[in-house]
Amino acid sequence: GLGITETIHYAFGSPSVYNNDVLATGETVRIINPLGEEFSAMRTSLMPGLLESLSRNQRQQATTVKLFEVGTAFFQKSDVSADEDEKDKLIPYQEDRAAWALWGGRHEGRWYEGAETFDFTDLAGSVESFLAAFGLAGAVVREPADIPGLNPYATAKLSIKGESVGWMGQLHPGKCRELGISGPLY
């Protein structure tokens, strides 16, 4: 593959984590009988787990971190039909997602690395390689985007045949500082 390590995180966590997420969309789905407050909401994004894993790796003195996760995000249903069963109305809408994080040295600490670190082109290349594995090579259109929490000069909206399929970009330096992550992070 792409030389990126897979991570697996819980599908539930603290509502404050998901509400403060970089790419938070919509209201979190609350669990009716949680184990505790830290496990009382279903995730709306894969990013909090990836950022926590990245932060943990940085604290362990890693010089290069390349992580990905494929998982499900959960959202409140926006359109519920009147004839739907009461229990079915409580079941959240689920969406499969893929996310990854690239940070650190491009050559993983080898002697010829110098000061080269990951940049937006590395992220774009990994996105294109990932999509090529699904037969979508060259089908993705990247357009500049302004997404809260991401650097407006290194962020793009991804679309295929006019339909938005995701985002990619650099975590805003201010957000990195807020999360205690040394950047740049893509």
Side-chain angles (χ1 to χ4, degrees), residues 1-13 15 17-30 41-54 66-85 88-103 118-172 175-176 179 183-186:
L2 300 172
I4 302 175
T5 303
E6 181 176 16
T7 61
I8 300 172
H9 299 96
Y10 290 119
F12 46 86
V17 170
Y18 298 117
N19 289 335
N20 293 325
D21 180 28
V22 175
L23 301 174
T25 54
E27 189 178 327
T28 57
V29 176
R30 297 297 299 243
M42 302 299 289
R43 67 181 174 193
T44 56
S45 169
L46 304 180
M47 289 307 297
L50 283 177
L51 294 174
E52 175 55 35
S53 291
L54 176 99
K66 300 184 289 185
L67 305 172
F68 82 95
E69 182 173 9
V70 175
T72 305
F74 303 86
F75 305 94
Q76 298 283 355
K77 285 184 182 175
S78 56
D79 33 317
V80 179
S81 64
D83 61 336
E84 199 169 0
D85 182 77
D88 288 341
K89 291 179 183 178
L90 298 175
I91 297 173
Y93 168 70
Q94 300 178 35
E95 194 172 276
D96 293 330
R97 301 233 171 140
W100 53 99
L102 304 176
W103 172 84
F118 288 119
D119 60 24
F120 189 81
T121 59
D122 295 302
L123 178 63
S126 67
V127 168
E128 288 171 9
S129 296
F130 175 79
L131 293 171
F134 294 97
L136 298 169
V140 176
V141 175
R142 291 191 310 246
E143 300 171 19
D146 188 10
I147 302 170
L150 297 180
N151 184 341
Y153 302 107
T155 300
K157 173 186 165 188
L158 306 174
S159 58
I160 298 175
K161 296 182 182 175
E163 183 178 340
S164 178
V165 294
W167 311 93
M168 66 180 200
Q170 177 189 6
L171 190 63
H172 194 281
K175 192 69 173 174
C176 284
L179 297 171
L185 169 63
Y186 295 90

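This structure is a prediction, so every number in the text was calculated from the model and none was measured.
Using a distance-only test at 3.5 Å, with no hydrogens or angles considered, no donor-acceptor pair links the side chain of Arg43 to the main chain of Phe74. Panel note: side chain Asp122, backbone Gly125; no donor-acceptor pair is recorded below 3.5 Å. Using a distance-only test at 3.5 Å, with no hydrogens or angles considered, a donor-acceptor pair links the side chain of Thr7 to the main chain of Phe68. With Thr28 contributing its side chain and Arg30 its backbone, the two residues share no donor-acceptor pair below 3.5 Å. Looking at His172, its side chain never comes within 3.5 Å of a backbone N or O of Gly149 through a donor-acceptor pair. Judged by distance alone, the side chain of Ser126 and the main-chain N or O of Leu123 form a donor-acceptor pair under 3.5 Å.
Considering CG of Leu46 and CG of Asp96, their distance stands at 9.5 Å, rounded to 0.5 Å. Rounded to the nearest 0.5 Å, atoms NZ (Lys66) and CG (Leu54) are 13.5 Å apart. The structure places CH2 of Trp100 at 11.0 Å from CE of Met47, a figure rounded to the nearest 0.5 Å.
Partner of Met168 under the side-chain contact (heavy atoms from CB on, under 4.5 Å) criterion, out of Ile147, Thr155, Val140, Val127: Val127 alone. Checking Leu102, Leu50, Leu179, Leu51 one by one against Leu185, the side-chain contact (heavy atoms from CB on, under 4.5 Å) holds for a single residue, Leu51.
The two residues Gly183 and Cys176 have their closest heavy-atom pair at CA-SG, 4.3 Å. Residues Ser45 and Ala73 come closest through the heavy atom pair N-CB, 4.2 Å.
Between Leu150 and Leu171, the closest side-chain pair of non-hydrogen atoms falls below 4.5 Å. Proximity of His9 to Glu69: side-chain heavy atoms (C-beta onward) are separated by under 4.5 Å at one or more points. Under the 4.5 Å side-chain criterion, counting only non-hydrogen atoms from C-beta, Val141 is not in contact with Ile160.
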message: Quick one, Glu95 with Phe75, criterion side-chain contact (heavy atoms from CB on, under 4.5 Å). Give me CA distance, side-chain angles, the key distance, then yes/no.
response: CA-CA 8 Å; Glu95 194 172 276; Phe75 305 94; 4.0 Å; yes
- prompt: Could you go step by step and tell me if Gln170 and Tyr153 meet the side-chain contact (heavy atoms from CB on, under 4.5 Å) rule?
  reply: CA-CA 9 Å; Gln170 177 189 6; Tyr153 302 107; over 6 Å; no
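Phe120 and Tyr186 have perpendicular rings, their planes meeting at more than 60° on a 0 to 90° scale where under 30° would count as parallel.
In Glu143, the CD atom is crowded: over 12 heavy atoms of neighbouring residues, nucleotides or ligands sit closer than 6.0 Å.
Using a 4.0 Å cut-off between charged nitrogen and carboxylate oxygen, Arg142 and Glu128 count as a salt-bridge pair.
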